[in-house]
Participant: 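Here it is: the structure, laid out below.
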2 protein chains.
Amino acid sequence: MARKRFDDSNCSVARALNEVGDWWSLLIVLHAMYGTRRFVDFQQELGIAKNILCDRLARLVDNQVLSKVDVGEHGSRFEYRLTEKGRDLFPVVVALRQWGDKWNPAPDEVPLDLRDRATGQPIPPVEVQNADGKPLSVRDVFVPEASRPGHKKNSA
Amino acid sequence: MARKRFDDSNCSVARALNEVGDWWSLLIVLHAMYGTRRFVDFQQELGIAKNILCDRLARLVDNQVLSKVDVGEHGSRFEYRLTEKGRDLFPVVVALRQWGDKWNPAPDEVPLDLRDRATGQPIPPVEVQNADGKPLSVRDVFVPEASRPGHKKNSA
DNA sequence: TGAATAGGGTTGCTTTACGAAACCAAATTA
DNA sequence: TAATTTGGTTTCGTAAAGCAACCCTATTCA
């Protein structure tokens, strides 16, 4: 693929995509959020080839989205757990899932039923809100020129 | 790549990633949200090869994230505009950008300064909230068993 | 009338993502 | 002690993804 790397990109979205923007990484993070921690469990749930899973887990650990902890009682037994950085992807994952549920509902699938552990109430859609909690659309916001992605040198 | 397709996946995140989960698509959507509409502008801002841009735009149009409108005064001149479905990715993009700004800040880059058009106030971080507007972390929520991604047949 | 620009399409080549399967060390079971 | 399971890593072949470069048409500008 000779893919363009975004590591040095001037845009944080590009850099974020560099870490979790491939086909598997975000799904791994998703399953980690659902509680999956072990290699074999990821493999079975995702139906991913072992080497790819290996690669992705290593990369996520490198990027500090996951941490690899040795929980071996006797020898080595590893678990992959979300770091704070990884857990911070929660709004992204939920927003993406809600978007998918809304625009590409599977006929035979129950849409995400995420609930508040404290109250049992379903979680409303993730929104961009202003300081007062009022939901905003793309059109309700603006970006000062200096903060635009393609601003001056180095686009992407 | 012989990539596994997720079209028929039981998981809406997987299906969403199938539409905007590649390296370029979400960046294209991002730039579209910033106002970019024309082929050449996307190309210059993103530094993407023309055939790839061609392919991605077509795919986004196919998936109804963008619409291709002929704005030619005399001949053909096209613009790619966000559809409602595309605009609905706003929370995803903003959340991702905020995540990137928080965890991978570029030394020389201004973090996203998104502001409410009405008030001029900066936009606070996108959160998952409960019905009362209280922010929730991964640990504050649960998913009824039937709604889990790896539930029964068909994982991913 | 010529040159430049917009909006692509096509070809060729390289790099990578991917899955299958073999391999391997440590621990458990028989 | 031998066989099996767990938890991966390595190797390999293939199918894409990616970029560069060239081509092509229609329009606009000089």
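Chain identifiers are assigned alphabetically (A, B, ...) following the order of the sequence lines, protein sequences preceding nucleic acid strands; residue numbering begins at 1 within each chain.
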Participant: If you look at every strand shown and take non-hydrogen atoms under 4.0 Å, does D55(B) touch a base, only sugar-phosphate, or nothing?
Facilitator: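 Here D55(B) touches no strand at all.
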Participant: Is W24(A) near enough to dC18(C) that one of its side-chain N or O atoms lies under 4.0 angstrom from OP1 or OP2?
Facilitator: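 Yes, such a contact exists.
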Participant: Which nucleotide sits closest to the side chain of R56(A): dG19(C), dA17(C), dG8(C)?
Facilitator: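 Nearest to the side chain of R56(A) among the choices is dA17(C).
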Participant: When the distance from CD of Q44(B) to C1' of dT5(C) is rounded to whole Å, what number comes out?
Facilitator: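 One finds 11 Å between C1' of dT5(C) and CD of Q44(B), rounded.
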Participant: Give the nucleotide from the list dG7(C), dG19(C), dA22(C) with an atom nearest to the side chain of K50(B).
Facilitator: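 The answer is dG7(C).
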Participant: Which one, dG8(D), dG8(C), dA6(C), comes nearest to the side chain of F39(B)?
Facilitator: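 Of dG8(D), dG8(C), dA6(C), dG8(C) is nearest to the side chain of F39(B).
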Participant: Please determine if a side-chain N or O atom of K68(B) lies less than 4.0 Å away from the OP1 or OP2 oxygen of dG8(C).
Facilitator: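 True: K68(B) side-chain N/O within range (under 4.0 Å) of dG8(C) OP1/OP2.
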Participant: Across the strands shown, which category fits F42(A) at heavy-atom distances under 4.0 angstrom: base, sugar-phosphate, nothing?
Facilitator: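 It contacts nothing in the nucleic acid.
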Participant: With sequence neighbours excluded, tell me which residues meet salt bridge (charged side-chain N to carboxylate O under 4.0 Å, His left out) with D140(B).
Facilitator: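 Checked D140(B) against salt bridge (charged side-chain N to carboxylate O under 4.0 Å, His left out); zero matches.
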Participant: Answer yes if the side chains of T36(B) and D41(B) hold a donor-acceptor pair under 3.5 Å, and no otherwise.
Facilitator: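 No - no donor-acceptor pair under 3.5 Å links their side chains.
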Participant: Whole angstrom is fine here: how far is it from CD1 in I28(A) over to C1' in dA17(C)?
Facilitator: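 Atom CD1 in I28(A) sits about 13 Å away from atom C1' in dA17(C).
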Participant: Using heavy atoms to find the nearest nucleotide of DNA chain C for L57(B) and A49(A) separately, return the residue whose nucleotide is more 5′.
Facilitator: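 Its nearest nucleotide lies further toward 5', so the answer is L57(B).
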Participant: Choose from dG8(C), dC18(C), dA6(C) the nucleotide whose nearest atom is closest to any side-chain atom of R38(B).
Facilitator: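 The nucleotide sitting nearest to the side chain is dA6(C).
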Participant: Run the salt-bridge test on K134(B) and E127(B) with the 4.0 Å N-O cut-off and return the result as yes or no.
Facilitator: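 Between E127(B) and K134(B) there is no salt bridge, as every charged N stays at least 4.0 Å from the carboxylate O atoms.
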Participant: Determine whether the side chains of Q129(B) and Q129(A) contain a donor N or O and an acceptor N or O closer than 3.5 Å.
Facilitator: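 The answer is yes; a qualifying pair exists.
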Participant: Between dA6(C) atom P and D41(B) atom CG, what is the distance in whole Å?
Facilitator: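 About 8 Å, once rounded to whole Å.
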Participant: Starting at CG of L27(A) and ending at C1' of dC18(C), how long is that distance when rounded to a whole Å?
Facilitator: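 Between C1' of dC18(C) and CG of L27(A): 15 Å.
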Participant: My understanding is that only residues two or more places apart in sequence, or in another chain, count here; which of them pass salt bridge (charged side-chain N to carboxylate O under 4.0 Å, His left out) with R117(A)?
Facilitator: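 Partners of R117(A) by the salt bridge (charged side-chain N to carboxylate O under 4.0 Å, His left out) criterion come out as none, since no residue qualifies.
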Participant: Among side-chain atoms of R81(A) and S67(A), is any donor-acceptor pair under 3.5 angstrom?
Facilitator: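 Side-chain D/A pair, R81(A) to S67(A): absent.
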Participant: Expressed in angstrom and rounded to an integer, what is the separation of D22(B) atom CG from dA17(C) atom C1'?
Facilitator: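 Between C1' of dA17(C) and CG of D22(B): 13 Å.
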Participant: Nearest-Å distance, CD (Q43(A)) to P (dC18(C))?
Facilitator: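 Spelled out: CD on Q43(A) to P on dC18(C) is 15 Å.
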Participant: Without decimals, in angstroms, what is the distance between L66(B) CG and dG7(C) C1'?
Facilitator: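 About 16 Å, once rounded to whole Å.
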Participant: Counting just side-chain N and O atoms, does Y80(A) come under 4.0 Å of either OP1 or OP2 of dG8(D)?
Facilitator: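 It does, given that an N or O in the side chain of Y80(A) lies less than 4.0 Å from OP1 or OP2 of dG8(D).
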Participant: Between dA17(C), dC23(D), dG8(D), spot the one nearest the side chain of R59(A), thanks.
Facilitator: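 Nearest nucleotide to the side chain: dA17(C).
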Participant: When you measure from the side chain of V40(B), which nucleotide among dC19(D), dG7(C), dC18(C) comes out closest?
Facilitator: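 Selected nucleotide: dG7(C).
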Participant: Is any N or O donor-acceptor pair between the side chain of N51(B) and the base of dG8(C) shorter than 3.5 Å?
Facilitator: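 Absent.
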Participant: Measure from CD1 on I52(B) to P on dT14(C) and round the result to the nearest Å.
Facilitator: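 Nearest whole value for this atom pair: 17 Å.
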